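These notes concern the structure reproduced below.
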Protein chains: 2
Amino acid sequence: MGPPTVRIEPNETQGAGKAETILAAAKRMFLEHGFGAVSMDAIARAAGVSKATVYAHFAGKEELFGAVIGRECERYFADFSAGELDPEDVGASLTTLGCRFLDLLLSPDAIALHRLILGEVGRFPALGEVFWRAGPERNLGQIEAFMRTAAAAGTLRIDNPRLAAEQFVGLLRGETQLRYLLRLDSGTERAKIDTLTAAAVATFLSAFKG
Amino acid sequence: MGPPTVRIEPNETQGAGKAETILAAAKRMFLEHGFGAVSMDAIARAAGVSKATVYAHFAGKEELFGAVIGRECERYFADFSAGELDPEDVGASLTTLGCRFLDLLLSPDAIALHRLILGEVGRFPALGEVFWRAGPERNLGQIEAFMRTAAAAGTLRIDNPRLAAEQFVGLLRGETQLRYLLRLDSGTERAKIDTLTAAAVATFLSAFKG
DNA sequence: GTCTATACAGTGATAGAC
DNA sequence: GTCTATCACTGTATAGAC
């Protein structure tokens, strides 16, 4: 009576549920303490399962780590939709893009993820490529696409849309992200994000307005 | 016959020499593999001394780590002298500042140091403050000072010198440093640095030229 | 698949001879 | 101060019962 090609596991709490629980616990631990400082024992305890169960689902600590990171990277820019941008109103569009970018970039999860990846990319070189493509590259592509349409519409004087996108991102970031990564600052209040974005947009428009 | 207040140790090869050797070995190991992945045993072996000797000079792994980082941070911007900048020729001055900044920022040592600090600042919060003051803050202050003099000379239209300095640094950095940190790019050839700097200077001047 | 119990390697740190 | 040898401890991984 069920669908012929797809089988629904009757007890998802026991099968995939455990793996899910382990992944969630591992994510929390890794993001909070880093790779080296977290033991498989601690992950098992945090997930409420035995150590042997963890090893039943993941071949080892490194594989578990990779699974967590890959997952987070995918989630990273999932909610970005470039629909509501207007090439005619570049100020509003850049402000929208900027606020969204900074809101994500400075979020506690993103900061923790950056710390984790940058700290471990020396030991796991593949991490860099995975993260770049899932996060920064995708974001840069969306901003570049807007630069291109604005240049075509004549509302911005841009020769190199890719470079312009990178410079806009640079203006937005400044040293702010570094201060967050170094734990010298925190918080994503709307007023702060708006101020940072406004300054970047003003300078960018002053340089590229047609 | 010697100076009355200062005593020179006769055998600096035995006393401070060993500590120096240990610090050098620890620096190399930490920068290459990170804090968690390096054991005191490995450091002792790399320095050519016994583990007990390491503990005779440094109370523990964390103290040794702190000593290495503090040392590198100090070395970081030691050679920066803001003497040869000319407020009348802002293009040349910004180019000089930009090249020097990128040359340091993208150097293998600086990249490795960034990875190390960002990866461990979660576990050693004091690291963030120490690094910020020794490196980025000092650099930012020098650039800000130039912005102020150029604004006073009327060669740049700048309201907020600090913000302008931070935006200039942001334009220089773009996503380049991130790609280096993620191991997607490397190398500090003069041509590359010059191109990156020229793009940043052009956009900055386009926005702030008086 | 899941658990308890355990083997094993490697870690940070120390004691005692020289 | 420096070394050799060793300590206690933790984390990885597996065996065997259920």
Side-chain angles (χ1 to χ4, degrees), chain A residues 7-69 116 119-120 122-124, chain B residues 7-69 116 119-120 122-124 126-127:
Chain A
R7 283 205 178 233
I8 297 176
E9 295 299 320
N11 49 355
E12 66 170 0
T13 318
Q14 244 183 12
K18 277 273 165 69
E20 216 60 33
T21 305
I22 294 169
L23 274 173
K27 168 195 165 183
R28 194 158 40 79
M29 301 288 283
F30 281 139
L31 284 182
E32 197 165 340
H33 303 103
F35 178 81
V38 172
S39 71
M40 293 292 264
D41 212 357
I43 293 173
R45 235 175 305 147
V49 302
S50 80
K51 235 183 334 183
T53 304
V54 177
Y55 280 97
H57 287 273
F58 303 94
K61 193 178 177 185
E62 299 194 357
E63 181 176 310
L64 177 55
F65 181 70
V68 169
I69 296 299
L116 188 56
E120 301 301 334
R123 280 151 46 73
F124 308 106
Chain B
R7 284 208 179 230
I8 298 176
E9 294 299 320
N11 49 356
E12 66 170 1
T13 319
Q14 243 184 14
K18 277 273 165 69
E20 215 59 34
T21 306
I22 294 170
L23 273 173
K27 169 196 165 184
R28 194 158 40 80
M29 301 288 283
F30 281 139
L31 283 182
E32 198 165 340
H33 303 103
F35 179 81
V38 173
S39 71
M40 293 293 263
D41 214 353
I43 293 173
R45 235 175 303 141
V49 302
S50 79
K51 225 176 355 174
T53 303
V54 177
Y55 280 97
H57 287 272
F58 303 93
K61 192 178 177 185
E62 300 193 357
E63 181 176 310
L64 178 55
F65 182 70
V68 169
I69 296 299
L116 188 55
E120 301 301 334
R123 279 150 46 75
F124 307 106
L127 231 57

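Residue numbers start from 1 in every chain, and the chains themselves are labelled A, B, ... in the order their sequence lines are given, proteins ahead of strands. Excluded from the calculations below are hydrogen atoms, water molecules and symmetry mates; all remaining heavy atoms, backbone and side chain alike, are included. No experiment lies behind these values; they were computed from the predicted model shown.
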Nearest 0.5 Å please: distance from the [atom1] atom of [X] over to the [atom2] atom of [Y].
X	Y	atom1	atom2	value
B:His33	B:Ser39	NE2	OG	10.5 Å
B:Glu20	B:His57	CD	NE2	10.5 Å
A:Met40	A:Ile43	CE	CD1	6.0 Å

Which class fits the ring pair A:Phe124 and A:Phe65: parallel under 30°, tilted 30 to 60°, perpendicular over 60°?
tilted
Which listed nucleotide ([options]) is nearest to the side chain of [X]?
X	options	result
A:Thr53	D:dC3, D:dT2, C:dT2	C:dT2
A:Ala52	D:dA15, D:dT12, C:dT2	D:dA15
A:Ser50	D:dT2, C:dT4, D:dT12	C:dT4
A:Tyr55	C:dA13, D:dT2, D:dA13	D:dA13

Any sub-3.5 Å donor-acceptor pair from A:Lys18's side-chain atoms to A:Ala47's backbone N or O?
no
Would you mind classifying the nucleic acid contact of A:Ser39 as base, sugar-phosphate or nothing, using non-hydrogen atoms under 4.0 angstrom?
sugar-phosphate
For B:Val54, which contact category applies under a 4.0 Å heavy-atom criterion: base, sugar-phosphate, or nothing?
nothing
Examine D:dA13: is either OP1 or OP2 under 4.0 Å from a nitrogen or oxygen in the side chain of A:Lys51? Give yes or no.
no
Round to the nearest Å and state the distance from [X] atom [atom1] to [N] atom [atom2].
X	N	atom1	atom2	answer
A:Phe65	D:dT12	CZ	P	14 Å
B:Phe58	C:dA13	CZ	P	14 Å
B:Glu63	C:dA13	CD	P	10 Å
A:Ile43	D:dA13	CD1	P	11 Å
A:Asp41	C:dT11	CG	C1'	16 Å
B:Arg45	D:dT4	CZ	C1'	15 Å
B:Met40	C:dT14	CE	C1'	12 Å
B:Lys61	C:dT14	NZ	P	15 Å

